[in-house]
Amino acid sequence: MTTVHVVVGGAVCEGGRLLAARRSAPPALAGRWELPGGKVEDGETPERALERELREELGVETEIGDRIPGEWVLRPGYVLQVWTARLVSGVPRPLEDHDELRWLRPGEEEQVDWLDQDRPAVAEAMRRLAATAAGVPGVRR
């Protein structure tokens, strides 16, 4: 039986916008955009791992929200799971593995070259942001 490692991504939303992070490493991914996050370590829940990763990578404290449905294969033995996140304190800065951050509103997501595995979660996060902005009842970030 193959062990599957979970990599968590954060759809960090604030003010009707989604945070995108441009990779600076590894070289194969450099220059492409993703939802920030990282690997779940032994003994961590995915939510705690995401809080830790966002603190390390961006220097912010967050509150983790809902999981975005789906799971995407990154490479053999690794899958991406994504949660929404809300900033609690701090201003995001590219501290690790990223060299630029950008806030995007619904409709602006194609302005950056997303990693393929992040695209479905980005689309769902943007759908939720647009629905929230439109006042659709029952839609959570």
Side-chain angles (χ1 to χ4, degrees), residues 1-134 136-141:
M1 185 166 129
T2 304
T3 301
V4 175
H5 301 279
V6 175
V7 175
V8 290
V12 179
C13 300
E14 178 160 322
R17 303 172 302 167
L18 175 70
L19 185 65
R22 188 172 68 185
R23 297 286 315 203
S24 59
L29 302 178
R32 301 209 47 210
W33 294 76
E34 69 175 358
L35 299 171
K39 294 179 187 140
V40 176
E41 294 179 357
D42 290 341
E44 277 186 317
T45 65
E47 295 88 346
R48 296 299 74 83
L50 184 55
E51 285 177 342
R52 175 185 52 76
E53 287 286 349
L54 294 174
R55 186 178 314 111
E56 291 172 1
E57 291 186 1
L58 305 175
V60 295
E61 296 299 324
T62 54
E63 178 182 291
I64 306 306
D66 297 332
R67 181 166 168 207
I68 291 182
E71 186 172 270
W72 301 275
V73 175
L74 297 173
R75 62 180 186 263
Y78 287 84
V79 296
L80 173 66
Q81 297 176 356
V82 176
W83 276 260
T84 61
R86 181 181 69 81
L87 289 177
V88 173
S89 67
V91 175
R93 299 177 323 276
L95 301 175
E96 284 184 10
D97 299 325
H98 301 102
D99 61 4
E100 186 180 337
L101 303 176
R102 190 178 296 177
W103 289 101
L104 301 171
R105 295 190 181 285
E108 296 177 345
E109 59 271 22
E110 293 305 318
Q111 291 179 5
V112 300
D113 183 18
W114 292 98
L115 293 173
D116 295 340
Q117 296 89 343
D118 285 49
R119 288 179 182 276
V122 167
E124 176 60 16
M126 287 299 195
R127 185 195 69 75
R128 291 179 184 198
L129 282 174
T132 299
V136 176
V139 175
R140 296 175 56 192
R141 287 191 295 151

Heavy-atom check, side chain of Glu110 versus side chain of Arg119, under 4.5 Å: yes
Shortest non-hydrogen contact between Leu95 and Gly59, atoms and distance: CD1-N, 3.4 Å
Nearest heavy atoms of Ala130 and Pro106, plus distance in Å: N-CG, 3.8 Å
Point-to-point distance, once rounded to the nearest 0.5 Å, from CZ of Arg55 to OG1 of Thr62: 7.5 Å
Min side-chain heavy-atom separation Asp118-Arg32 under 4.5 Å: no
Straight-line distance of Thr84 OG1 to Arg67 CZ, nearest 0.5 Å: 12.0 Å
Side-chain donor/acceptor of Glu44 to backbone N/O of Asp42, under 3.5 Å: no
Shortest non-hydrogen contact from Val91 toward Val60: C-CG1, 3.6 Å
Check against side-chain contact (heavy atoms from CB on, under 4.5 Å), Val12 and Trp103: CA-CA 9 Å; Val12 179; Trp103 289 101; 4.1 Å; yes
Any Glu14 side-chain heavy atom under 4.5 Å of Arg86 side chain: no
Over all atoms of both residues, closest heavy-atom pair of Val82 and Ala121: CG2-CB, 3.7 Å
Spatial distance of atom CH2 (Trp33) from atom CD (Gln111) [nearest 0.5 Å]: 10.0 Å
Any Leu35 side-chain heavy atom under 4.5 Å of Leu80 side chain: no
Asp113 side, atom CG; Leu115 side, atom CG - distance, nearest 0.5 Å: 7.5 Å
Considering all heavy atoms, the nearest Trp83-Gly65 contact: CD1-O, 3.4 Å
Minimum-distance pair of heavy atoms, taken over all atoms of Leu129 and Leu18: CD1-N, 3.8 Å
Side chain proximity check, Asp97 to Arg23, heavy atoms < 4.5 angstrom: yes
Test item: Leu104 and Met126 side chains (from C-beta on) under 4.5 Å apart, heavy atoms: yes
Atom pair CZ/CD of Arg127 and Glu109 - distance to nearest 0.5 Å: 12.5 Å
4.5 Å side-chain heavy-atom contact, Val8 and Glu47: no
Residue pair Arg22 / Val112, side-chain heavy-atom distance below 4.5 Å: no
Residues which pass side chain to side chain donor-acceptor pair (under 3.5 Å) with Arg102, listed by chain and number, not counting sequence neighbours: Glu100
Partners passing side chain to side chain donor-acceptor pair (under 3.5 Å) against Glu51 (at least two apart in sequence or in another chain): Arg48
Spacing of CD belonging to Glu34 relative to CD belonging to Gln117, to within rounding of 0.5 Å: 10.0 Å
Expected output: side-chain Glu57 to main-chain Gly37 donor-acceptor under 3.5 Å: yes
Stepwise side-chain contact (heavy atoms from CB on, under 4.5 Å) check, Gln81 with Val40: CA-CA 10 Å; Gln81 297 176 356; Val40 176; over 6 Å; no
Evaluation steps, side-chain contact (heavy atoms from CB on, under 4.5 Å), between Glu108 and Arg17: CA-CA 9 Å; Glu108 296 177 345; Arg17 303 172 302 167; over 6 Å; no
